[in-house]
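Here's the structure we're looking at; comments come further down.
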2 protein chains.
Amino acid sequence: MSLATASRVLNGSTRKVAESYRERVDAAAEKLGYTANLSAQATARGTSAIVALLVADIGDVSFGQLASGVVRGAEEAGFVVTIADTDRDPERELRLVRTMRGQRPRGLILGVARNAGSDSAGLQNELTALAAVGCHIVVLGEGEPGQRSISLGNRVGAESLGTELAQLGYRDAVVVGGLEGLRASDDRIDGFTAGFTAGGGTVAAVRHGATTREAGYAAARQLLADGLPEGTLLFGISDVVAAGIASAVRDAGREVGADIAVAGFDDIPTSRDIGPGLTTVRAPFAALGHRALRAAVETDWQPDADPPLTLDVVVRGSTPRRST
Amino acid sequence: MSLATASRVLNGSTRKVAESYRERVDAAAEKLGYTANLSAQATARGTSAIVALLVADIGDVSFGQLASGVVRGAEEAGFVVTIADTDRDPERELRLVRTMRGQRPRGLILGVARNAGSDSAGLQNELTALAAVGCHIVVLGEGEPGQRSISLGNRVGAESLGTELAQLGYRDAVVVGGLEGLRASDDRIDGFTAGFTAGGGTVAAVRHGATTREAGYAAARQLLADGLPEGTLLFGISDVVAAGIASAVRDAGREVGADIAVAGFDDIPTSRDIGPGLTTVRAPFAALGHRALRAAVETDWQPDADPPLTLDVVVRGSTPRRST
DNA sequence: TTGTACGCGTTATCAC
DNA sequence: GTGATAACGCGTACAA
């Protein structure tokens, strides 16, 4: 029989093929261990079954969750995922987007935290070039108009946390971490402040800084040295930062929880083991990744088709109820 | 000018091209924002610039480190990395290897912990089929003959830990976690036992179990209920397991460190924040990933060209020096 | 429904 | 050194 017939049965063509042929083809394919050459398919079709995932730092603890969701969704949809790491270097980011473009991917997921409006023109060009060839650009967080964007819900999650902690009796808080102008952290700061103030609390200060354990430690150390009244709440912009804070508190001879309260954001796998158990907000990165993938592959995708992701506050020992 | 000439300058062909042409081509490529179509290149060349990475569980904390090393190496070598997650399901693993084969990758990195000799015939067929088309199979851990394998050094790392802890004055230990027959955990158990016994200690028991926080918690809880003398050392097969152990110790009203000592393996990012700081062995997953990638792309690769990876013991508060 | 023939974007072989 | 041209493996009009 002809190659065309075989091709028709192997790829899910709309065309009908006689059952007898179909069986023979399937049998032969099975026996020979045939697997379609994806590259050749891609050249012929003009579009590949690839979704590219570009993140700022693969080593980040939350990345695994995100990637997990993306990969799971990809398998469901019959796509392959390629990953790259910008290492927070805009130049490298540009180069990588260009490399990814070489794959003619169906979608590109951008998990690169960025300062508002700081995108280089080169990157925007590259992105529009990609979009022009039918690649769906989906940015995690807030994207430019014309791009598909999907966000975690940092603001509302942090707001819930603020509310909850105010209800637990906390009145004075300091926010630690988050680079100024970074959308994701600004949202967390704003949300927390809103919730906490609405509950009757006061955010005394915001100590901006990198989202690292070291930065959290250093900031908390300074705060403690300057004198921090008992019952003060230290809100780390992420669990990693909060871990640093908790460590600094202990090193200063204070007790996490009863003396100085600490809260974080993300609920990384080990946050329950930090200090007396870290109060935090569970950020559903896996679900985010899953949605991102769907946004990357679906032909028609609606911005608000899905309900917002739910971010649950999880209260642990680091913020016990404060008896007034 | 001809397409051939253009092709010659764009891809790193060995052939020489006049400087004048070269400049014109580069200029045009720049202006048009041209990027080579990797799929087409792959079909034409018969081999792609792809390395596939298959792991048991992307969500695993150590995966990020591994992936980081792989991706970094890939960028250096001009390769693209595709990832997939077997979710510890052999059937899915088979399907995924087949999918990856569709990409005709230059290499396949298998980070799937497996029971010794439990590979399905189907998988082996698939793997040899892949190898037949020039794909380098590199397995993390111990591989079959003919495959490129590269291991972390679980045994020697655990042995160092055992030695160190014996020197710190510990005499009685119980090992927790690790599925029986799993090479990686068996190596850790054997290595630890060897080091600890050589130092004068005794491994009273090995409690096999899953490599999860829950399993660690449950096992430790049981041990504590059965009565555990002060100064006993609980060695968790991984930091995640150790975290569970530490939690169980605290929940039982005992103190981690002074009362019951706990040690782990991996040195995950947050292990210093677990309890009073978790004593563990730093497992260089990033370096492992980097080496794995090189093994996946290099034409001629020698098994023992690189020196063994170094696994440093890091002693923290969970195992203070024991005064006799 | 099935087969033929061409095109996808690129590389490689061969003459020039 | 350069330019035609035949592959590469597959999808798909179009004709049969």
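A note on names: the letters A, B, ... follow the listed sequences, proteins ahead of strands, and every chain is numbered from 1.
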Apply side-chain contact (heavy atoms from CB on, under 4.5 Å) to A/W301 and A/V138, showing your working. CA-CA 11 Å; A/W301 176 84; A/V138 13; over 6 Å; no
C/dT10, OP1 or OP2 - any side-chain N/O from B/N11 closer than 4.0 Å? no
Rounded off to whole Å, could you give me the [atom1]-to-[atom2] distance for the [X] and [N] pair?
| X | N | atom1 | atom2 | result |
| --- | --- | --- | --- | --- |
| B/M1 | D/dT5 | CE | C1' | 19 Å |
| B/Q103 | D/dC10 | CD | P | 14 Å |
| B/E23 | D/dG1 | CD | P | 17 Å |
| A/R24 | C/dT1 | CZ | C1' | 15 Å |

Run the numbers on B/H136 and B/E298 for side-chain hydrogen bond (donor to acceptor under 3.5 Å, both in side chains), then give the verdict. CA-CA 9 Å; B/H136 302 139; B/E298 285 179 3; over 6 Å; no
For the helix from C/dT1-D/dA16 to C/dC16-D/dG1, figure out the bend between the end axes, five pairs an end, and round to 10 degrees. 40°
Measure across [X] and [Y] and return the closest heavy-atom pair with its distance rounded to 0.1 Å.
| X | Y | answer |
| --- | --- | --- |
| B/E93 | B/V112 | OE2-CG2, 3.8 Å |
| A/F79 | A/I50 | CD2-N, 3.8 Å |
| A/V70 | A/L293 | O-CD1, 3.3 Å |
| A/M100 | A/A84 | CE-CB, 3.9 Å |
| A/S39 | B/T43 | C-CG2, 3.5 Å |
| B/L127 | B/I137 | O-CD1, 3.9 Å |

Do A/L152 and A/P284 come close enough that some side-chain heavy atom pair is under 4.5 Å? yes
For DNA chain D, which residues in residues 29-46 of chain B have a heavy atom at a distance below 4.0 Å? B/T43, B/A44
Start with the C-alpha gap between B/D60 and B/V55, add the side-chain angles, then the distance that decides, and say whether side-chain contact (heavy atoms from CB on, under 4.5 Å) holds. CA-CA 10 Å; B/D60 190 283; B/V55 294; over 6 Å; no
Grab the N/O contacts between the protein and nucleotides 4-6 of chain C below 3.5 Å, and write none if there aren't any.
none

When rounded to the nearest 0.5 angstrom, what is the spacing between CG in B/L94 and CG in B/N125? 9.0 Å
Of the nucleotides D/dT12, C/dT2, D/dT2, which one has an atom closest to the side chain of A/V17? C/dT2
